[in-house]
Amino acid sequence: MILKVENISFSYPSKKQVFNQISFQLLPGEIISIIGPSGTGKSTLLKCLAGQLSLDEGEVYIEGDKLIDPKELLKPGHPEIALVNQLFELDDYFTAYENISNHLHHLPQEEREKFTQELLEVFELKEVADLKSKNISGGEKQRLSMACALAKESRCLLLDEPFVHFDVHLHKKIGTYLRKLVEIRKMGVILVTHNGEEALSWSDRILLMREGKITNTYTPHQAYFKPKNLFEGRFFGELNSIYIEGNQVLFRPISFSETPNDNFSRKVEVDFVDSYFRGVFYANYFKIRKGKEIVLYSKNELSNTKVIYV
């Protein structure tokens, strides 16, 4: 086990409680995503896990060792826990190359150079390798900050909205590299994100956080197809909510059939409203009883559809 979090709580000096009685474990080679609405304490939780803020109660253990209260340290934090957030903790007067390389003094010179060049290439920083970090863009600083965190070869990596400035190409490239590195090193990663698709793509487990508490834990498949409620399910894409015989039924826009079968047997009458082309599919909007709207995905427009089964 890399990280063990036991009943931790945190409040600001104003006595406003940010989160309460949070517990979970992070295993070697595992990526956990924490997702939830803004203001629920996700970023503050990462700072506490990184040993930067003092807890009100509870304990955090890194590979069996209790995390020391930052008040008892000259420099808050732990060498085996790396936090990447929007603060970009870089040395402004070192180049991008030097910022990475300076974390690799534990390696022989040849390996140090090879790993530095690898990170510069993966994070697409070669063109700014010789520029001081204070002179590169915000997006480049974010990529450099993550590259430096990986260069530290910490056992636990904490990422706070790490892909927010990345385009689709960079998101996939860096995400794939990170996943491979996690498997090779057997390190653990905790990712805080507002992007449900991101959480589905890269996570082994997803923790839903609301009003300072972990409300549910899902696998990516469960989060998408079997959310416990409408609020949590909508973090991962469009989700329909209807009532059949007084019972709420939640289903994704792909989870339906135009004919009854073993998987879809509950009949719903629908009135077509409109259809929008989204590239690889059409989003078809319908009205059901009492004017409630649902959306169904298909390869073609469903303008003639009058009945579906869910």
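Quick caveat: nothing in here was measured; it's all calculated off a predicted structure. The first residue in the sequence is number 1, and the count goes up from there. Just so it is clear, the values below take in all heavy atoms, side chains as well, and ignore hydrogens, waters and symmetry mates.
The existence of a salt bridge linking Arg179 and Asp204 is confirmed by a sub-4.0 Å separation between a basic side-chain nitrogen and an acidic carboxylate oxygen. Taking 4.0 Å as the cut-off between side-chain N and carboxylate O, Lys213 and Glu211 do not count as a salt-bridged pair. Residues Glu269 and Lys306 are not paired through a salt bridge, judged by the lack of any N-O separation under 4.0 Å between the basic side chain and the carboxylate.
Judged as a side-chain contact (heavy atoms from CB on, under 4.5 Å), and not counting sequence neighbours, the contacts of Lys173 are Glu121, Glu124, His169. In this structure, Glu118 has no salt bridge (charged side-chain N to carboxylate O under 4.0 Å, His left out) partners at least two apart in sequence or on a different chain. Remark: Glu140 engages no residue in a salt bridge (charged side-chain N to carboxylate O under 4.0 Å, His left out) (not counting sequence neighbours).
Between the side chain of Thr116 and the main chain of Arg112, a donor-acceptor pair closer than 3.5 Å is present. Side chain of Asn135 to main chain of Leu131: no donor-acceptor pair is present (N/O by atom type, distance under 3.5 Å, no hydrogens or angles).
Contact between Met209 and Leu45 at its shortest, heavy atoms only, is SD-CD2, 4.1 Å. The shortest heavy-atom contact between Ala147 and Ile100 is CB-CD1, 3.9 Å.
Clustering of Ile, Leu, Val, Met, Phe, Trp and Tyr side chains at separations under 4.5 Å places Tyr282 together with Phe277. Under a 4.5 Å side-chain heavy-atom cut-off, the cluster of Ile, Leu, Val, Met, Phe, Trp and Tyr residues that includes Val310 is completed by Ile242, Ile244, Val249, Phe251, Phe256, Val268, Val270, Phe272, Phe286, Ile288, Ile294, Leu296, Leu302, Ile308. Cluster partners of Val307, by chain and number: Phe264, Tyr309. The rule joins Ile, Leu, Val, Met, Phe, Trp and Tyr whenever side-chain heavy atoms lie under 4.5 Å apart.
Of the options Lys226, Arg205, Glu232, a side-chain hydrogen bond (donor to acceptor under 3.5 Å, both in side chains) to Tyr218 is made by Glu232 and by none of the others.
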Q) Under the side chain to side chain donor-acceptor pair (under 3.5 Å) criterion, do Glu198 and His171 qualify, and how do the steps go? A) CA-CA 9 Å; Glu198 193 170 270; His171 186 288; 3.0 Å; yes

Q) Checking side chain to side chain contact (heavy atoms under 4.5 Å, CB included) for the pair Ser133/Leu144: CA distance, chi angles, key distance, verdict? A) CA-CA 8 Å; Ser133 62; Leu144 179 57; 4.0 Å; yes

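A donor and an acceptor atom, one from each side chain of Asp130 and Thr95, are nowhere located under 3.5 Å apart. Of the N and O atoms on the side chains of Ser241 and Gln248, at least one donor lies less than 3.5 Å from an acceptor on the other residue. Side-chain contact, Asp56 with Ser11: a donor N or O sits under 3.5 Å from an acceptor N or O. Side-chain atoms of Ser298 and Asn284 include a donor-acceptor pair closer than 3.5 Å. A donor and an acceptor atom, one from each side chain of Glu153 and His106, are located under 3.5 Å apart.
No more than 12 heavy-atom neighbours from other residues, nucleotides or ligands sit within 6.0 angstrom of NE2 on His221.
Residues Ile206 and Ile35 form a side-chain contact, since some pair of their non-hydrogen atoms from C-beta on lies under 4.5 Å apart. Residues Ile62 and Cys156 meet the side-chain proximity criterion, which asks for heavy atoms closer than 4.5 Å. Taking the side chain as every heavy atom from C-beta outward, Leu53 and Pro70 never approach each other to under 4.5 Å.
A cation-pi arrangement is not found for Arg252 relative to Phe225, the charged atom failing to lie both closer than 6.0 Å to the ring centre and inside a 45° cone about the ring normal.
Ring-centre distance between Tyr297 and Phe281: below the 6.0 Å cut-off.
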